[in-house]
Structures are given as C-alpha cells and as structure tokens.
Amino acid sequence: MTDVELIVDWVQAMAADMRGEIEGMSPEELAWQPDPEANSIGVTVWHVCRWLDLLTVQILEGRPAEEEQWHTRGSREQTGYDPRGIGLRGFGAISGYTLEEVAAVPSLTATEHTTYLTQVCDALCERLNAMPEGDLHQPTLGLGGKRTPYQWVKILLPGCFGHLGEIAALKAMRSRETYYPRAVAALS
C-alpha cells in the first residue's frame with residue numbers, strides 16, 4: 001500500500017465512522033449542546049467537513065473558496081449561509097469563530113451532513129489519488145506553499161478522528177441527560 005492509498009483509506013474510514021455516528025439523528029439530537037458555549041454534534045460535523053473542503057480546494061489545489069463543495073454543490077444557496085471571511089484567516093470552518101458566529105452556522109439534517117461529508121471526502125480522495133508519485137511530499141499549491149499535502153493531512157486528519165470521539169462523548173452526555181436529568185443538572 002502506498003502512502004496515498006493509506007491516507008485515502010483513513011479518510012474513507014473516518015467518513016464511514018462519522019456517517020455511522022450521525023445517520024438517523026434527529027435535528028434535536030444534532031443541535032443538542034451540553035452547555036451554551038459547547039459545540040453541538042451538527043456544528044462539529046460541519047467543522048470537519050469545512051476543513052476537508054478547504055483542504056482539497058484552497059490548500060491542495062490552490063483554488064478560491066468559492067470553488068469549494070459548500071459553494072459549488074448548492075449548500076450556500078440552499079442555506080443562505082456563506083462562511084467566507086469568518087473565523088481563523090477567514091476560512092469559515094468554525095476555528096476562531098465567536099459564539100455568535102457559531103450560532104449562525106445553519107442547522108443541517110443528518111442526511112445533509114452526510115451528503116456534504118461524502119462530497120468533501122470523495123473530492124479529497126479523488127485529489128489525493130490523482131497526485132503524481134512524489135507530490136505528497138512537495139509543497140502545496142495553496143496557502144503559500146509552505147507545507148506539503150502530507151503535512152496538511154497529518155495536521156487535519158487526526159483532528160477529524162478526534163472529533164469522532166467528541167461526537168460519541170456528546171451522544172453519551174445527551175443520553176445521560178435524557179435518562180438522568182437531575183444528576184446532569186447537579187453537575188452543572
């Protein structure tokens with residue numbers, strides 16, 4: 001297995017696990033927060049999708065934000081939400097958002113989340129598979145070309161897997177609140 005094949009396998013595994021965590025969740029389950037300053041599962045999934053979208057388009061391909069899946073596949077028009085210019089370096093990926101900016105992120109259904117996740121992961125895997133041998137360790141086209149695709153994946157993919165754990169923890173916390181509301185309230 002080549003380095004690219006291994007990374008593609010990890011991206012696909014992460015996407016399958018994340019889809020498995022959120023498929024069939026209700027809007028209330030996706031929006032639940034353990035406290036007013038915590039991210040919901042929906043926001044967490046959207047955050048992962050946004051970073052993978054900008055990784056493919058802006059970082060690996062050096063193309064502008066308006067060519068990301070969020071913009072080209074109709075999500076921006078459907079939700080009326082344009083994340084460009086918000087948060088860390090204007091990436092619009094939750095990082096660096098204020099609480100008010102997080103609250104403005106549109107609520108998506110589980111199906112909409114899994115669709116966006118599939119779109120961005122498929123595009124990333126397609127881009128990785130199309131790389132000529134050796135390009136994984138050459139500077140990227142985007143963001144000043146200071147890191148290689150491998151370095152970017154090494155930064156972002158572990159975070160994606162970490163967010164899977166966060167989603168599982170949020171689901172467990174919500175379940176406890178549902179079954180033990182007084183015990184959860186006492187912990188607050």
| Test item: E23 side-chain N/O and G20 main-chain N/O as donor-acceptor pair under 3.5 Å | no
| According to a 4.5 Å side-chain heavy-atom criterion applied to Ile, Leu, Val, Met, Phe, Trp and Tyr, with indirect links allowed, do F91 and V57 form part of one hydrophobic cluster? | no
| Going from CE on M18 to OG1 on T118, what distance comes out if it is rounded to the nearest 0.5 angstrom? | 11.5 Å
| query | Could you state the interatomic distance from CH2 (W70) to SG (C49), rounded to the nearest 0.5 Å? | reply | 9.0 Å
| query | Once you round to the nearest 0.5 Å, how far does CD of Q12 lie from CD of E5? | reply | 10.5 Å
| For R174 against E28, the heavy-atom pair lying closest together | NE-O, 4.3 Å
| query | Is it true that a side-chain atom of E101 and a backbone atom of T98 form a donor plus acceptor pair closer than 3.5 Å? | reply | yes
| Pairwise side-chain contact, H71 with E77, heavy-atom cut-off 4.5 Å (strictly under) | no
| said: Run the side-chain hydrogen bond (donor to acceptor under 3.5 Å, both in side chains) test against W51 and tell me which residues pass, sequence neighbours left out. | reply: S95
| With no hydrogens and no angle check, is any side-chain donor or acceptor of K171 less than 3.5 Å from a backbone partner on E21? | yes
| query | Can you check side-chain hydrogen bond (donor to acceptor under 3.5 Å, both in side chains) on Q58 and E67, steps first, answer last? | reply | CA-CA 8 Å; Q58 291 189 55; E67 294 185 30; over 6 Å; no
| Trace of the side-chain contact (heavy atoms from CB on, under 4.5 Å) decision for M131 with L128 | CA-CA 5 Å; M131 281 186 184; L128 290 168; 3.8 Å; yes
| Are the side chains of L124 and C121 in touch, meaning some heavy atoms are under 4.5 Å apart? | no
| Side-chain heavy-atom pair L54, I59 within 4.5 angstrom cut-off | yes
| How far apart are the closest heavy atoms of L170 and S40, and which atoms are they? | CD1-C, 4.0 Å
| query | If you take all heavy atoms of E37 and L99, which pair is closest and at what distance? | reply | CG-CD1, 3.6 Å
| Does any non-hydrogen side-chain atom of E166 lie less than 4.5 Å from one of H47? | no
| Where is the tightest heavy-atom contact between S107 and E112, given as atom of each residue plus distance? | O-OE1, 4.4 Å
| query | Side chains of K146 and T140: does their closest heavy-atom pair fall under 4.5 Å? | reply | no
| said: Please tell me whether I155 and L157 are part of a single hydrophobic cluster in this structure, the criterion being side-chain heavy atoms less than 4.5 Å apart. | reply: yes
| query | Strictly by modelled atom types, are R73 and Y116 linked by a side-chain donor-acceptor pair under 3.5 Å? | reply | no
| query | Heavy-atom distance under 4.5 Å between the side chains of W46 and P83, does that happen here? | reply | yes
| message | Measuring from atom CZ of R127 to atom CG of D122, what distance do you get when rounded to the nearest 0.5 angstrom? | response | 15.5 Å
| message | Do R147 and W152 form a cation-pi contact, if we require the NZ or CZ to be under 6.0 Å from the six-membered ring centre and within 45 degrees of the ring's axis? | response | yes
| message | Under the criterion side-chain contact (heavy atoms from CB on, under 4.5 Å), I'd like the reasoning laid out for T72 against E66: C-alpha separation, chi angles, the key distance, then a yes or no. | response | CA-CA 7 Å; T72 62; E66 54 269 8; over 6 Å; no
| said: Run the salt bridge (charged side-chain N to carboxylate O under 4.0 Å, His left out) test on R50 and E68 for me, step by step, so that the C-alpha distance in whole Å, both residues' side-chain angles and the decisive distance to 0.1 Å come before the verdict. | reply: CA-CA 9 Å; R50 288 295 304 139; E68 293 167 350; 2.8 Å; yes
| query | Is L156 reachable from L6 through a run of hydrophobic residues whose side-chain heavy atoms are each under 4.5 Å from the next? | reply | yes
| request: Please report the closest heavy-atom contact between D53 and Q69, naming both atoms and the distance. | output: OD1-N, 2.8 Å
| Flag side-chain contact, heavy atom, 4.5 Å: I94 against Y97 | yes
| request: State the NZ-OG1 distance between K154 and T148, to the nearest 0.5 angstrom. | output: 8.5 Å
| field | Flag, side chain of T56 to backbone of L52, donor-acceptor distance under 3.5 Å | value | yes
| task | Following the transitive rule for hydrophobic clusters with a side-chain heavy-atom cut-off under 4.5 Å over Ile, Leu, Val, Met, Phe, Trp and Tyr, establish whether L141 and Y150 coincide in one cluster. | result | no
| query | Does D135 use its side chain to pair, donor to acceptor, with the backbone of Q138 at less than 3.5 Å? | reply | no
| task | Work out which heavy atom in T114 is nearest to a heavy atom in T111; give both atom names and the distance. | result | OG1-O, 3.0 Å
| task | With the side chain counted from C-beta on, respond yes when V45 and I41 share a heavy-atom pair under 4.5 Å apart, and no when they do not. | result | yes
| message | Is it the case that the side chain of N129 and the backbone of C125 share a donor-acceptor pair, with hydrogens and angles ignored and the cut-off at 3.5 Å? | response | yes
